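A quick write-up on the structure given underneath.
These numbers come from the heavy atoms of this one structure, side chains and all, not from hydrogens, waters or symmetry mates. For clarity, every value in this text was computed on a predicted model and none was experimentally measured. Residue numbering restarts at 1 for every chain, and letters A, B, ... go by the order of the sequence lines.
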Number of protein chains: 2
Amino acid sequence: MSSNQITNNIRKLRFENDEMTQQKLADKAGVTRQTIIAIEAGKYSPSLTLAFKIADAFGVPIEDVFQYQQQDLKTNNESES
Amino acid sequence: MSSNQITNNIRKLRFENDEMTQQKLADKAGVTRQTIIAIEAGKYSPSLTLAFKIADAFGVPIEDVFQYQQQDLKTNNESES
DNA sequence: ACATAATGTAAAGAATACTTTACATAATGT
DNA sequence: ACATTATGTAAAGTATTCTTTACATTATGT
């Protein structure tokens with residue numbers, strides 16, 4: 001239940017950052033490689049703390065790494081573009 | 001151990017947003033009032049999903065609500081090969 | 001051929017986030 | 001005085017995240 005509403009660009013960012021390995025990212029973020037694998041694969045979403053650490057590892061804001069797919073909180077009409 | 005490294009401006013943002021009550025914020029974020037109380041008081045940090053929902057409730061990016069106090073950033077040179 | 005590095009799956013247990021229920025207090029309104 | 005609203009504490013239970021361990025596959029180097 002409550003499947004994951006968060007997508008991410010971790011794989012893309014790893015390759016853009018000198019092909020950083022999952023292990024290297026795990027070290028930088030202070031978690032295990034398994035955690036990186038699971039999050040990168042979208043199996044579950046990280047804690048906010050880990051999200052900050054991963055974003056820091058790439059030197060970008062959280063929003064550049066993770067995107068929240070809001071399904072329907074309510075009809076929040078914000079037509080942009 | 002591993003006490004919370006995340007601070008937040010929820011209380012300030014609530015009052016700036018027409019004195020939004022904790023209950024109202026909880027409704028908007030889809031969690032219970034207890035969860036809002038605990039996070040606002042810094043008892044624990046939210047999941048990334050909830051962080052996004054709370055930021056959305058105020059119409060601001062996550063960084064405007066939550067700040068990561070990084071204590072020791074890991075040096076880059078420890079698994080260089 | 002063999003070793004090593006990088007990625008992947010799986011599953012049990014520990015740690016943390018979140019819910020539910022219950023009760024308490026101060027402030028406001030009738 | 002009484003009811004209602006907003007905030008707070010606490011504690012037990014559920015759900016989710018994260019760790020630990022083990023093993024598999026593909027690619028690269030010697």
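Rounded to a whole Å, the CD atom of B:Q23 is 14 Å from the C1' atom of D:dG8. With rounding to whole Å, B:L25 atom CG is found 14 Å from D:dT7 atom C1'. In this structure, B:Q22 atom CD and C:dT25 atom C1' are separated by 14 Å, rounded to whole Å. Atom C1' of nucleotide C:dA6 and atom CG of A:D18 are separated by 15 Å, given to the nearest angstrom. Protein atom CG of A:N4 is 11 Å distant from nucleotide atom C1' of D:dT16, rounded to whole Å.
Taking every heavy atom of residues 33-51 of chain B and every atom of DNA chain C, pairs under 4.0 Å involve B:Q34, B:T35, B:I39, B:Y44, B:S45, B:P46, B:S47, B:L50, by number.
Counting all heavy atoms, side chain and backbone alike, B:E63 lies closest to A:I62 at OE2-N, 3.1 Å. Scanning all heavy atoms of the two residues, the minimum distance from A:I6 to A:S45 falls at CG1-CB, 3.8 Å. Considering all non-hydrogen atoms of both residues, B:A57 and B:L25 come closest at CB-CD1, 3.6 Å. In terms of heavy-atom proximity, A:A29 sits nearest to A:I54 at CB-CG1, 4.3 Å. Taking every heavy atom of both residues into account, A:A55 and A:V65 meet most closely at CA-CG2, 3.9 Å.
Side-chain contact between A:F66 and B:L48: present, with at least one pair of heavy atoms (C-beta onward) separated by less than 4.5 Å. For the pair B:K24 and B:T21, the minimum side-chain heavy-atom distance is below 4.5 Å. A:Y68 has its side chain within reach of B:K53: a pair of non-hydrogen atoms, C-beta onward, lies under 4.5 Å apart.
Across all strands, A:T21 comes closer than 4.0 Å only to sugar-phosphate atoms, never to a base (heavy-atom distances).
Paired regions of DNA chain C, where each region holds three or more successive Watson-Crick or G-U pairs whose two hydrogen-bonding distances fall under 3.5 Å, are C:1-30 with D:1-30.
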